[in-house]
2 protein chains.
Amino acid sequence: MANSTSQTKPKRVRRDRKDEILEKATALFGEYGFQGATLARIAEATGLTEPGVLHYFPSKVHLLQGVLEYHDRKEVERYSGILQKEKESVFEILKLHEGVLIEEQKTPGLIQLFVVLVGESVRSDHPSHDFFVERYRRVREMYVEQFLRMNQPRFRRDVEPEKLATLILAVVDGLQIQWLLDPQKVDVQAAFELFSKMVAGYMSE
Amino acid sequence: MANSTSQTKPKRVRRDRKDEILEKATALFGEYGFQGATLARIAEATGLTEPGVLHYFPSKVHLLQGVLEYHDRKEVERYSGILQKEKESVFEILKLHEGVLIEEQKTPGLIQLFVVLVGESVRSDHPSHDFFVERYRRVREMYVEQFLRMNQPRFRRDVEPEKLATLILAVVDGLQIQWLLDPQKVDVQAAFELFSKMVAGYMSE
DNA sequence: TCTTACCTAACTAGCGCTAGGTAAGAAATT
DNA sequence: AATTTCTTACCTAGCGCTAGTTAGGTAAGA
C-alpha cells in the first residue's frame, strides 16, 4: 500500500472541494477552452473521478458558469475599491488600468481563460455567450460613468465616452491576445503607455 | 515521376471542389471553432460525405491548415496593392485600415473564424498556433516598415514603430471581438475614427 | 487500363452523463 | 452511551452518442 495514508480512514474531510475544482477548471478551460477541456482531465487534476466532479456541479455547463461567476466575483472585489475612487483625469484612469494590466500578467491562466472563452462564445448559442455580452456592456458602462463623474475642466466635448470606453477595452483585449501568442515579442506595458499618452494628449488638446 | 509539369493534367473536370470545401469549412470553423465544427457538417455543406472531404484533405487538421493558408493568400492579394503604396502620414495609413475594417464587416464569418481560432490557438499545441504567431509577427513588421518608409517630416522620434504597430493591431482585434459579441451596441467605425484622431494628433504634436 | 473522385460501412476512442453503490460522519432516537 | 437513521461525499461500471478516421468498393474519364 505504499505511501497511502492508511486505509482505515479513507475519507478525509474536504471542506472547500468546490473551490478546488473551480481553480483547476479555470486553468484547464483556459488552456483548452470549454469544449477542449474534458471533465476527465478536470477530475484528474482535482484528484477525483468524473462523477466526483459532477457531484458538485450537475453538468459541465454548470461548472463553466461556476468558474465564470467565481472569477467575476473575485475580480470585482479585487478592483472595485480602486475603480470606485474619484479620479481627476482620463490619464489617471488609464494609469490605474495599466497597473491592473501588469498585475494580470502574473496570472496568464486567467487571461487565457477569458481570451479563449470570449473567442468561443462569440457564437450566440455558446453557454457563456450571454455572460460575456453582459460583462462587456457592464464594463463599458462603468467606464462611461467614470468619465462622466470626472471633474476635468478640459474634457473634450466631442469625445463620446461610449467610444472611448469601447476603445480602451479593445486595446486591453487586443494587447492580451498578442501577448499570449508571443510573450517575448510583445511588450504590453510599452504599448499601453503609448496609448495612454495618445489619449491624454488628445483629451486635453 | 514527379515535378516536371507532367502535361496530362490529373485535375478533374469537376469544378474546384477543393476551394468549395475550403469556403464551406471557413464558414463552419468560423461559426463553431475548429473543435466545434464537425467534418460531418462540412461534408454535408459541400454535398459530400465525410470520406469525400478526406479525399482532398487527409485529416481535419490538414483542412484547417488549408483554410488558413487559403485566406491568408487571398487577403494578401486583396490588400497588398493598397498597402504597398507610398503613404504620407500615419493618419493616411489608418484611414486605409479603417476602410479595410469596414469592408471586413461584410464577411462576419471570416472575422469570426479568425477571432475564434486565435482564441483557441493561444495554446502552444493547437494546430494553428504557429500560423498565428507567425502571422502577427509578419503583420507587425509590415506596419513597422510602412512607418519607416513614410516621408513625414514631423514623425515623432520617441514613438517606436513597434509599439504603434502592436497597438493598432490590438485595436483592430479588440474592436472586432466586441462587435461580434454585441453588433448593435458597438460602433466599430466610430471607435476606430476616434483612435485615428488620437494617433494623428499625437504623432504630429 | 489507370487514375481520380467519390461512395458505404464500419471501427475506435472519447465524450458527457447516469445508475447505483459504499463508507464516513452527523443527527436523531433509544 | 449505544444504536439507528440520514446525509454527504465520493466511487465503479457502463450507457449512448458522436467524433475522426480507415477499408474497400464502384463508376467514369483520360
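Numbers restart at 1 for each chain; the letters A, B, ... are given by sequence-line order, proteins then strands. The structure presented is a predicted model; accordingly, all values stated were derived computationally and were not measured.
Distance OH (B:Tyr32) to P (D:dT18): 15 Å, rounded to an integer number of Å. In this structure, B:Glu44 places its CD atom 13 Å from P of C:dC7, rounding to the nearest Å. B:Ile21 has its CD1 atom 8 Å from the P atom of C:dC6, to the nearest Å. Following rounding to the nearest Å, A:Leu63 (CG) and C:dC15 (P) show an atom-to-atom distance of 15 Å. Put simply, CG on B:Leu54 is 14 Å from P on D:dA19, counting in whole angstrom units. Rounding to whole angstrom units, CD1 of residue B:Ile42 and P of D:dG20 are separated by 8 Å. In this structure, NZ of A:Lys60 is placed 8 Å from P of C:dC17, rounded to the nearest angstrom. The nearest whole Å value for the distance from the CZ atom in B:Arg41 to the C1' atom in D:dG20 is 17 Å.
Ion pairing of A:Arg135 with A:Glu75 is present here, as a side-chain N (NZ or NE/NH1/NH2) and a carboxylate O approach within less than 4.0 Å. We find that A:Glu69 and A:Lys18 are not joined by a salt bridge, their nearest charged nitrogen and carboxylate oxygen being 4.0 Å or further apart. Under a 4.0 Å N-O distance rule, the pair A:Glu120/A:Arg123 does not qualify as a salt bridge.
The nucleotide whose nearest atom lies closest to any side-chain atom of B:Leu48 is, among C:dC6, C:dT18, C:dC15, C:dC6. Distance from the side chain of A:Pro51 is smallest to D:dT12 among D:dT12, D:dG20, C:dC17. Of the candidates C:dC17, D:dC11, D:dT21, D:dC11 carries the atom nearest the A:Thr49 side chain, counting heavy atoms from C-beta on.
The phosphate of C:dC6 (OP1 or OP2) has a side-chain N or O of B:Arg17 nearer than 4.0 angstrom. Contact between the side-chain N/O atoms of A:Tyr56 and the OP1/OP2 oxygens of D:dC10 is found at a separation under 4.0 Å. Under 4.0 angstrom from either OP1 or OP2 of C:dA5 there lies at least one side-chain N or O belonging to B:His55.
Secondary-structure stems of DNA chain D, taken as three or more successive Watson-Crick or G-U wobble pairs (i with j, i+1 with j-1) under a 3.5 Å distance threshold, comprise C:1-30 with D:1-30.
Side-chain contact, A:Gln105 with A:Gln189: no donor N or O sits under 3.5 Å from an acceptor N or O.
Among the candidates A:Phe131, A:Phe114, A:Phe29, the single residue satisfying the ring-ring contact (aromatic ring centres under 6.0 Å, His included) test with A:Phe34 is A:Phe29.
Two residues, A:Pro58 and A:Gly36, neighbour DNA chain C, and the one matched to the more 5' nucleotide by heavy-atom proximity is A:Gly36.
Aromatic ring orientation, A:Phe195 versus B:Phe195: tilted (interplanar angle from 30° to 60°).
If you check every strand for non-hydrogen atoms under 4.0 Å, B:Ala43 touches nothing. Residue A:Leu39 is classed as a sugar-phosphate contact, given heavy-atom separations below 4.0 Å to backbone atoms only.
Among all heavy-atom pairs drawn from B:Leu167 and A:Ala191, the shortest one is CD1-O, 3.9 Å.
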